[in-house]
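Written out below as structure tokens is the structure these notes cover.
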Amino acid sequence: MASVKGSRSRGIALHAVLVAGLLLSAFPFYWAVIMSTHTSSEIFSYPPKLLPGAHFLENVRNLFDSIDFFGSMLNSLLVAGSVTVLVLFFDSLAAFVFAKFAFPGKQVLFALLMLIFMVPAQLAAIPQFVTMARIGWIGSMTALIVPAAANAFGIFWMRQYMKGAIHDELLDASRIDGANFLRQYWHVALPVVRPGLAFLGIFTFMGQWNDYAWPLIALTNPDNVTLQVALSQLNGTHGTTDYGMVMTGALLALVPLLIVFAIGARQIIGDLAKGAIR
């Protein structure tokens with residue numbers, strides 16, 4: 001009886017800790033919602049207002065009057081969506097080769113890949129800008145999509161995932177059936193590693209959606225700015241920033257991320273559940 005009571009107490013304490021962690025994690029999002037419904041003067045009032053206000057629609061109108069919100073959101077969707085699709089294809093294809101095939105120089109190439117993985121992206125900004133300028137892509141969204149079409153992290157992540165998820169027996173059986181490399185990749189590898197692809201897709205989309213530095217440098221055409229660059233234009237000078245409007249823009253910019261995360265997380269959980277049943 002004592003052991004049952006002890007385990008029940010530990011279960012209650014664990015759930016209490018999890019609920020507290022959930023509340024702490026959700027509070028920044030709740031605070032953003034609250035700030036988006038107030039004016040700047042109300043945001044800085046004391047004591048702080050913890051309940052929604054009545055200025056959300058006003059902040060939305062001011063936001064739409066200040067920047068081309070939907071145009072910049074469409075640009076961000078185009079860039080983030082294109083990069084995500086390209087990364088999922090190229091990184092998984094390269095990872096499949098690294099994980100399941102032997103070829104001369106494999107270890108050297110993977111070591112070089114790890115060196116690239118450890119180099120900060122900011123160090124490549126200047127040579128990347130010079131390269132894009134010589135090609136003539138500065139000012140267009142091509143300068144954002146093509147350089148990000150593959151990355152070292154995605155290849156490393158998918159390689160590690162494929163090494164444990166794809167059994168050599170499956171590939172041997174597919175070779176006996178006459179499957180070539182692309183058929184092995186498409187019909188054998190990809191169905192097995194869908195949870196890994198879902199995570200990589202979420203990670204890539206969020207990174208591209210929130211990217212600010214490189215779009216600010218490369219997009220010299222005002223019609224092609226992404227949403228993060230457009231939102232930065234809301235920051236006024238000499239203390240004239242409308243923080244209610246800024247938080248409204250930041251809140252609306254979260255909606256596509258929440259949708260992508262919900263779709264990707266559902267895919268991950270569903271595939272893991274199927275794997276557990278098998």
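- Heavy atoms of other residues, nucleotides or ligands lying less than 6.0 angstrom from CH2 of W31 number more than 12.
- The hydrophobic clustering, which links ILVMFWY residues whose side-chain heavy atoms are closer than 4.5 Å, places I135 and V130 apart.
- In this structure, OG on S72 lies 8.5 Å from CD on Q233, to the nearest 0.5 angstrom.
- Taking each heavy atom of F205 and V260 in turn, the nearest pair found is CE2-CG2, 3.6 Å.
- We find the CD-CG distance between Q184 and L190 to be 12.0 Å, quoted to the nearest 0.5 Å.
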Only distances under 3.5 Å count here; give the side-chain donor-acceptor pairs of residues 83-101 to other protein atoms, sequence neighbours excluded, each with its distance to 0.1 Å.
{"unit_1": "T84", "atom_1": "OG1", "unit_2": "A80", "atom_2": "O", "d": "2.6"}
{"unit_1": "D91", "atom_1": "OD1", "unit_2": "N151", "atom_2": "N", "d": "3.3"}
{"unit_1": "S92", "atom_1": "OG", "unit_2": "L88", "atom_2": "O", "d": "2.4"}
{"unit_1": "S92", "atom_1": "OG", "unit_2": "F89", "atom_2": "O", "d": "3.0"}
{"unit_1": "S92", "atom_1": "OG", "unit_2": "Y185", "atom_2": "OH", "d": "2.7"}
{"unit_1": "K100", "atom_1": "NZ", "unit_2": "I166", "atom_2": "O", "d": "2.6"}
{"unit_1": "K100", "atom_1": "NZ", "unit_2": "D168", "atom_2": "OD1", "d": "3.2"}

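- One hydrophobic cluster, built from ILVMFWY side chains closer than 4.5 Å, holds both F56 and L258.
- Side-chain contact between K49 and M35 is absent, with no heavy-atom pair separated by less than 4.5 Å.
- Looking only at side-chain heavy atoms (C-beta outward), I155 and F110 stay at 4.5 Å or farther from each other.
- Looking at heavy atoms from C-beta onward, T226 lies in side-chain contact with L144 at the 4.5 angstrom threshold.
- Side chain of S82 to backbone of V79: no donor-acceptor contact under 3.5 angstrom is found.
- Residue F261 qualifies as open at atom CZ: its count of foreign heavy atoms under 6.0 Å is 12 or below.
- The backbone N or O of D223 sits less than 3.5 Å from a side-chain atom of N75, completing a donor-acceptor pair.
- At distances below 3.5 Å, not a single donor-acceptor pair connects side-chain atoms of H187 with backbone N or O atoms of R183.
- With Y243 contributing its side chain and S36 its backbone, the two residues share no donor-acceptor pair below 3.5 Å.
- Counting heavy atoms from C-beta outward, V246 and D242 have side chains that stay 4.5 Å or more apart.
- Here the closest heavy-atom approach between residue P256 and residue L77 is recorded as CB-CD2, 4.4 Å.
- Taking the six-membered ring for Trp and the full ring otherwise, the centers of F203 and W157 sit at least 6.0 Å from each other.
- With rounding to the nearest 0.5 angstrom, the CG atom of L23 is 8.5 Å from the OG atom of S25.
- In terms of modelled atom types and a separation under 3.5 Å, the side chain of N59 and the main chain of T39 share no donor-acceptor contact.
- Considering CE of M245 and CG of L231, their distance stands at 10.0 Å, rounded to 0.5 Å.
- Linking ILVMFWY residues whenever their side-chain heavy atoms come closer than 4.5 Å, directly or via other members, leaves L227 and L74 in distinct clusters.
- Put simply, CE on M141 and CG on N224 are 4.5 Å apart, with the number rounded to the nearest 0.5 Å.
- In terms of heavy-atom proximity, H38 sits nearest to L51 at NE2-O, 2.9 Å.
- Screening residues 56-65 for salt bridge (Lys or Arg N to Asp or Glu O under 4.0 Å), with sequence neighbours left out, gives no hits.
- When hydrophobic clusters are built by joining Ile, Leu, Val, Met, Phe, Trp and Tyr residues whose side-chain heavy atoms come closer than 4.5 Å, directly or via intermediates, V33 is grouped together with L57.
- Contact record, I67 with A230: CG2-O, 3.6 Å, taken as the closest heavy-atom pair.
- Annotation for L63 and G249: closest pair CD2-CA, 3.6 Å, computed over non-hydrogen atoms.
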Candidate pair M73 and W209, rule side chain to side chain contact (heavy atoms under 4.5 Å, CB included), full reasoning
CA-CA 9 Å; M73 175 178 280; W209 184 268; 3.8 Å; yes

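- Checked against side-chain hydrogen bond (donor to acceptor under 3.5 Å, both in side chains), D172 has the following partners two or more places apart in sequence or in another chain: R175.
- To the nearest 0.5 Å, the span separating CG on L123 from CD on Q128 amounts to 12.0 Å.
- For L18, the CG atom sits in a packed shell: over 12 heavy atoms of surrounding residues, nucleotides or ligands are nearer than 6.0 Å.
- In the displayed structure, K163 atom NZ is contacted under 6.0 Å by at most 12 heavy atoms of other residues, nucleotides or ligands.
- Summarising the local packing, CE of M206 is surrounded by 12 or fewer heavy atoms from other residues, nucleotides or ligands at distances under 6.0 Å.
- Using bins of under 30°, 30° to 60° and over 60° for the plane-to-plane angle, the ring pair F117/F153 lands in the tilted bin.
- With contacts defined as side-chain heavy-atom distances shorter than 4.5 Å, the pair Q228/N210 qualifies.
- Counting only heavy atoms from C-beta outward, the side chains of P52 and I34 approach each other to under 4.5 Å.
- Cluster annotation: F70 and V229 are assigned to distinct hydrophobic clusters (Ile/Leu/Val/Met/Phe/Trp/Tyr, side-chain heavy-atom contacts under 4.5 Å, transitive).
- Listed for the T204 side chain is no donor-acceptor partner under 3.5 Å among the backbone atoms of G201.
- With a 4.5 Å cut-off on side-chain heavy atoms, S66 and L234 count as touching.
- In this pair, W214 and F129 present their aromatic rings perpendicular. The plane angle is above 60°, beyond the 30 to 60° band.
- Scanning both residues, L197 and M158, for their nearest heavy atoms gives CD2-CE, 3.8 Å.
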